[in-house]
Amino acid sequence: MPQNQQKGRKTGKDPVETSVPAPLPLNSSLEVNLQEIGKRIGSSSDIVIRNFTNESLSSLSLTFIYIDGLVNADSVNQTVLQPLMENVTLKGDSITAEAAFSMIKDQMLPVGGVKEGKTLEVLLAMLFEGYTLILFEGLQVALAADTSGWEKRSINEPTSQGVIRGPKEGFTESLRTGTSMLRRRLKTTDLRIEEYKIGQRTQTGIAIIYLKGIASEQVLTEIRRRLDAINTDAILESNYIEEFIQDGGLTPFPTIQNTERPDAVAGGILEGQIGIIIDGTPFALLAPSTFFNFFQSSEDYYQRYDISSFLRLIRYGAFFVSMLLPALYIAVTTFHQEMLPTTLLISLAAQREGVPLPALAEALLMELTFDVLREAGVRMPRTIGPAISIVGALVLGQAAVQAGLVSAAMVIVVSFTAISNFVIPSLAIANSIRLIRFVMMFIAASLGLFGIMSFMMVLLIHMAGLRSFGVPYLSPVAPMIPRYLKDIFIRVPLWSMTMRPKTDLGKETRRQGPNQKPQPVEGANQPAPEQPKPQGEGPA
Amino acid sequence: MNGKIGTTQAAMLIVNTILPTATVVLPIIISTYAEQDAPMAIIMSTLAGLLIAAIVGTVIQNNNGAPFLDWVREKSSPVVSTILGLLMLQFYLDTTATILREFVNFIKDNVLINTPVTVLVILILFITIYMVRQGIESIARVNTLVILLYFVFVPLYLFGLFSDLNVHNLLPMFDHNLAELTLASLTPTTWMSEVAVLLFLAPYLQYPQRARIIGWTGLLFVSVLMMFSLITALMVFGPDFIKLSAYPGFSTVGIIRIGRFIEKLDILFISYWVLSIYLKFAIFLFVTVECFKQTFRVSSSRPFIGALGLLIALECLFTWQSSAKLNIYNKEGRFVVFFLFNVLVPLGAILLYRVHKSRSKRKGVET
């Protein structure tokens, strides 16, 4: 029993806890057990209960229970029902329940997973996982055969983290598919997978995946502790886990990465991060994550280091543009006009002359309009999506300028800001910036550049104090560890990344041999020196 | 979260403990006495600063990074340490209030001319209290990031001013006598003596035995940057204009031009300066809180940060209302006060250590 459940029961007020029944041992009477099961799960139409008795109806009585849709019907028929119902020994009068139990368990079920269950809770949990239960008259123990086989989505390309070059497969909603995708990439005996069931009503499967010897034990212990401490009734998506275990409390910055890409998780695990896969969602988590992890994309490692470095710098630039550009525009046009070159100043003044709104209101109007369009775009039926985009982007933008509601410069600022926001590979940090941008705009409108710098200081100090599972959020920049900057602002060639990037808590381990830089072997291209010919040989 | 800070981080903290207000206040004071020989005054004050850093470093080596007033209490008596603590607390409250006033005055003169001082004081105070509550480790981390930005701003500054630099403005050199140079170097020495904050930062140093190196590195960095700022200002404007300008460093930035499209970058440099003065104010507020904590032997200083901040704000608003008064204090009064607390107190601590050591030796011989 997890520690949290015990804690909750003591208080007696927790609404989650009151719905959890105490574990009930099986009764030796099959009828009583079936009645109790019926009471617990009701008479749902998808639950199949099938009885089996032997010829005399006296010595053996069994009941099969499974949930249609969660099991593979063929598997149930061929591996459970058929072998048992056609078996001559079971049909005979002489067999006892104990003997039948041992025989069925050890000899008759051609399935990989056969488990015993002594309490109703354990058996029901297995039932909901697609197992077929076999209950016996006269026994206080039952069998469960793994016949799970529900409909699954096939492996597809990740929708939110696509790449031009690199693997095109993404996680699916199945936990087991996720772990298998990682197993396929990391064929090492050091790979460890630990599974949890979290959520009293959903019993969601959670797997933490790491490389033994590379992942920090301290971080692992902390993740296990935080997962154990979750006391909730439902986990439906990885964000539930993220919010329950992430550091920082009230912070706009994410301290755990999420990704749809198995290659990204494998890469993170190889660098000492710990992957968390949650059943029911294609988004896996990676922890601990520093601020700079959110600017790294899988594709950085699938294309040349020079272009990867350039793109990474572009991303950092886009981060600042996305956060600051509207605020800077407001500050400069409201407080610091002297900063602008005269020609630009005149042009801007001319544009703003007919605009009735102050710069802040103008910026807010445009930013909120864009956010409304963006939100509508997510929910819009695909068939009318393009039409609405045209209406939103072209008609509204142009019409607003022509109507004199906003200046053309503001449309450019807002568009560039929006595009910059999409340059950032992580949606989590891009969303944080969206919120920070609005605060920045208000501060810029009241205190100009001084306000922007003051708020920047608040953000910096906040980030410097943040930790992700004990790892400083701004490492390896603050605190500065110069030799781990090889994959932060730029990406150096792979052959020069000899050591794994270390965090405060991780171990510094070598990931490849020294002198990996490809270079020609000395003298390889020179003609071989002529060998003296042995006397008496050669062409005549 | 008050973790330990490394040697480089601590040295960089010393840079921002001194530099932000030094670049604003000192050029006019130095130039009044030394004109084009201002760099000589910086050299003299740096030498004095290095000596003070050596004294402070020796104290920290002697007490092995223990909280300063606790150590004094242990070596002398609780009465002595409490009285010294109260006096030092007053000193740090005054100093922090003057820093806040210099910050606010600058913003009021250059950026937000119409914003009431009280609003600025409250805003700055709230942000700085938040910084101090995050701990010295976070402050040190952000400080290092801010100092790294010099690698962006210094080349931009030099490149933008290149066509305006006139080396003849530095001539004639050595035109001032020693008395004038000494006068010019007195006030910068008080700034250099701010290295004494290390006494209260010592418990947070990863390697307190390296306190002297920390002080020296920080001071040399400050000295180089001050010289750079003063020499470029002299080369651009000449000694006569600097004497008249309130903020010659920023006036120099104001004439930067790169091509036809980048000009008047003073606001950009002011923005950078705002980041560093926040750090200076936070370091001094942290030291004030630490002094309070050691004087009154409170286990957690967090509840008192706001109260001390309020005292500083009130002193800033009502004691240092007049800029002229603050200038006179900087020019004439500051040296005495700083000499007393940043030089004599550490010297007294060394003396105390020696006396205590010789006494315990004597006791050892007697037993």
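Numbered from 1 within each chain, the chains take letters A, B, ... in sequence-line order.
- Taking Leu148(B), Ile270(B), Thr144(B), Leu275(B) one by one and counting their heavy-atom pairs under 4.5 Å with chain A, the maximum is reached by Leu275(B).
- Side-chain contact check for Thr17(B) and Lys280(B): no donor-acceptor pair (N or O, by modelled atom type) lies under 3.5 Å.
- Chosen from Ile127(B), Leu120(B), Asn143(B), Leu279(B), the residue pairing most often with chain A at heavy-atom distances under 4.5 Å is Ile127(B).
- Both the backbone and the side chain of Leu447(A) come within contact range of chain B, judged by heavy atoms closer than 4.5 Å.
- The existence of a salt bridge linking Glu102(B) and Lys108(B) is excluded, since no basic side-chain nitrogen approaches an acidic carboxylate oxygen closer than 4.0 Å.
- Contact count versus chain A (heavy atoms, under 4.5 Å) is highest, among Val111(B), Leu112(B), Val274(B), for Leu112(B).
- Most heavy-atom pairs under 4.5 Å with chain A, from the set Leu268(B), Leu123(B), Val146(B), Thr8(B): that is Leu123(B).
- A salt bridge links Glu367(A) with Arg437(A); the closest basic N to acidic carboxylate O contact falls under 4.0 Å.
- Results of the ring-ring contact (aromatic ring centres under 6.0 Å, His included) test with Phe319(A) over Phe291(A), Phe489(A), Phe292(A) single out Phe291(A) as the only residue that passes.
- Looking at Ile124(B), the atoms closer than 4.5 Å to chain A (heavy atoms on both sides) all sit in the side chain, from C-beta outward.
- Between the side chains of Asn421(A) and Ser322(A), at least one donor N or O lies within less than 3.5 Å of an accepting N or O.
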